[in-house]
J.: 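Submitted below is the structure of interest, expressed as structure tokens.
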Amino acid sequence: MRHSLFSIVRNAIGGNRGWPAQWREAAPKPEYDIVIVGAGGHGLATAYYLAREHGISNIAVLEKGWLGGGNTGRNTTIIRSNYLWEESQKLYEHALKLWETLSQELNYNVMYSPRGVMMLAHTVHDVQSAQRHIHANRLGGIDNEWITPEQAKAFCPLLNIEANIRYPILGAALQRRGGVARHDAVAWGYARGASALGVDIIQNCEVTGIDRAPSGEVTGVQTTRGAIRARRIGVVAAGHTSVLMAMAGVRMPLESYPLQALVSEPVKPIMSCVVMSNTVHAYMSQSDKGELVIGAGTDAYTSYSQTGALHISAHTLDAICELFPAVRRMRMLRNWGGIVDVTPDRSPIIGKTPVPGLYVNCGWGTGGFKATPGSGHVFAHTLATGAPHKFNAPFTLDRFRSGRLIDEAAAAAVAH
Ligand SMILES: Cc1cc2nc3c(=O)[nH]c(=O)nc-3n(C[C@H](O)[C@H](O)[C@H](O)COP(=O)(O)OP(=O)(O)OC[C@H]3O[C@@H](n4cnc5c(N)ncnc54)[C@H](O)[C@@H]3O)c2cc1C
């Protein structure tokens, strides 16, 4: 364990408030080496690793709202790496390994909790698909195991495994190293780390245009706080990537959908793992505050509204009450939505664009929180060197032209 007694005591009394300082709220400078658009977890992690690993700190992270107020602060925080395809496994496993030591790395408690993620199988097709994943994961050196309904019940006593329920449980895939983390702490931890290394974090600064030289390369951005010059621009603006890239004349293979979640009133600890059901599209865990965190599906229609259709969450609650009858009478405390941008193959795009100096990191859809440290790490490498890191090399924009897709859509149906 790399915790010092001091850091254990500090975290126990409420994290790192005031030590040594929160991030610095900066005023924009006229010129930067790199401008990152979007102060979510991915953008902030990118800035942190650029400064920490590549020695580049003349960076501004521009945020139209407040830090972490996008999907980073709205998601249900499921972390896992048991994806089907080798390319995805490597990328998400890279992130999972970084999660394991992130609190120590940032000296900020991100409350990563590897409590196990269990994915239920309700049909013969589910069983076959889950077992295919498990075999693929084992070949890739990633933990994932098949458990019986009785073992699932032992792992999560709340679960109803009776045979006569609407969604009978035929077994489950369990990744024990999967889990959850505290979403806003991740944004704050990376922000504080980047700020301490000299990065400017500028909130309430919406990018409204991308400037290009007559020869094509980017020269800076127009913002609600004036023009800012930059040699390189990294767009990390989940849900709004297409809007930003259109400012530079680049058309993206993305659609934006509302995705919603809800939490119950807080109760004493009743659930010590994450349970997901991809078939009925409901999943649940319990936060450290005691609330049951419940995730629903995306709306059927594209939209930029940060709320989802009520029938989607009603369906999710139906399923939750069937799977966990003990929670049937609990009250829901609040619900909300975020905008996720989705690629045709449900895998991200991380890398160069046809515009010199313009880079993009997007398309994480419903499942990018888990990737935050890995995504920032490989995107920083790409921005710093102009070449992809080995883990993001397959995740090019060009794959939608060449047809070399990484189809986690057909593989997983859901990608939280
Ligand atoms: C309800 C819900 C549940 C989810 N559950 C999970 C889960 O359990 N596990 C998981 O792995 N993932 C989950 N996700 C997905 C995950 O939240 C995202 O993939 C991830 O957080 C994306 O991080 P980000 O930093 O790229 O985006 P964001 O945190 O959205 O950051 C992008 C930022 O860009 C800013 N921006 C946009 N346009 C501009 C502009 N013009 N100028 C300046 N700034 C701009 C936005 O304000 C925003 O703050 C969920 C998402 C939602 C909505």
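Along the sequence shown, residues carry numbers from 1. Both ligands and their constituent atoms are indexed starting at 1 by order of listing.
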J.: Would one find an N or O of Gly43, backbone or side chain, under 3.5 Å from an N or O of ligand 1?
T.: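 There is no such contact.
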J.: For Leu139, is the CG atom crowded, meaning more than 12 foreign heavy atoms sit under 6.0 Å from it?
T.: yes
J.: Decide if the gap between the ring center of His281 and the ring center of His315 is smaller than 6.0 angstrom.
T.: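 His281 vs His315: aromatic centres not under 6.0 Å.
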J.: Within ligand 1, which atoms have a heavy atom of Ala261 less than 4.0 Å away?
T.: 1 (C)
J.: Would you say Gly338 has any N or O atom under 3.5 Å from an N or O of ligand 1, going by distance alone?
T.: no
J.: Do any nitrogen or oxygen atoms of Thr366 lie less than 3.5 angstrom from nitrogen or oxygen atoms of ligand 1?
T.: yes
J.: Hey, does Val37 come in under 3.5 Å of ligand 1, counting only N/O atoms on both sides?
T.: no
J.: Hey, is ligand 1 close enough to Gly367 that some N/O pair sits below 3.5 Å?
T.: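 Yes.
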J.: So does Val110 get a backbone contact from the side chain of Ser103, meaning a donor-acceptor N/O pair under 3.5 Å?
T.: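 It does hold such a pair.
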J.: Using non-hydrogen atoms of the residue, decide whether Ala45 is closer than 4.0 angstrom to ligand 1.
T.: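 So Ala45 does not count as touching ligand 1.
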J.: For Trp336 and ligand 1, does the shortest N/O to N/O distance drop below 3.5 Å?
T.: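 In fact, backbone or side chain, Trp336 has no N or O that close.
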J.: Taking distance alone, with no angle check, do Lys370 and ligand 1 share an N/O pair under 3.5 Å?
T.: yes
J.: Less than 4.0 Å between a side-chain N and a carboxylate O, is that true for Arg166 and Glu322?
T.: yes
J.: Counting heavy atoms only, which of Leu244, Ile294, Thr208 is nearest atom 38 (N) of ligand 1?
T.: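 That would be Leu244.
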J.: Distance under 4.0 Å to a non-hydrogen atom of Gly38: what atoms of ligand 1 satisfy this?
T.: 33 (C), 34 (O), 35 (C)
J.: Any N or O of His42 that comes nearer than 3.5 Å to an N or O of ligand 1?
T.: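 Yes; the residue has a nitrogen or oxygen that sits under 3.5 Å from a nitrogen or oxygen of the ligand.
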J.: Could you check whether any heavy atom of Gly239 sits closer than 4.0 Å to an atom of ligand 1, since that is the contact criterion I want to use?
T.: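 Distance cut 4.0 Å: Gly239 fails for ligand 1.
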J.: Is the closest side-chain donor-acceptor distance between Thr223 and Glu206 under 3.5 Å?
T.: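 No, Glu206 and Thr223 have no side-chain donor paired with an acceptor closer than 3.5 Å.
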J.: Select the closest option to atom 18 (C) of ligand 1 among Phe369, Trp66, Phe379, judged by heavy-atom distance.
T.: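 The nearest heavy atom belongs to Phe369.
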J.: Please verify the inter-ring angle class for Trp99 with Tyr112; under 30° counts as parallel, over 60° as perpendicular, anything in between as tilted.
T.: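 Rings of Trp99 and Tyr112: parallel, under 30°.
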J.: Please confirm whether Trp364 and Phe395 have ring centers closer than 6.0 angstrom.
T.: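 They do not qualify: ring centres at least 6.0 Å apart.
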J.: Is there a side-chain contact between Asp345 and Arg399, using heavy atoms and a 4.5 Å cut-off?
T.: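 With C-beta onward as the side chain, the pair touches.
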J.: Does Gln260, backbone or side chain, put an N or O under 3.5 Å from an N or O of ligand 1?
T.: no
J.: Under 4.0 Å from a heavy atom of Arg74: give me the atoms of ligand 1 that qualify, with their elements.
T.: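 In order of numbering, the contacting atoms are 1 (C), 2 (C).
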J.: Compare all side-chain heavy atoms of Ile202 with those of Arg225 and state whether any distance is below 4.5 angstrom.
T.: yes
J.: Counting from 1, what ligand 1 atoms have a heavy atom of Leu62 closer than 4.0 Å?
T.: 43 (C), 44 (N)
J.: State, with a plain yes or no, whether a side-chain heavy atom of Leu102 is found less than 4.5 Å away from one of Tyr190.
T.: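 In short, these two side chains touch, coming nearer than 4.5 Å.
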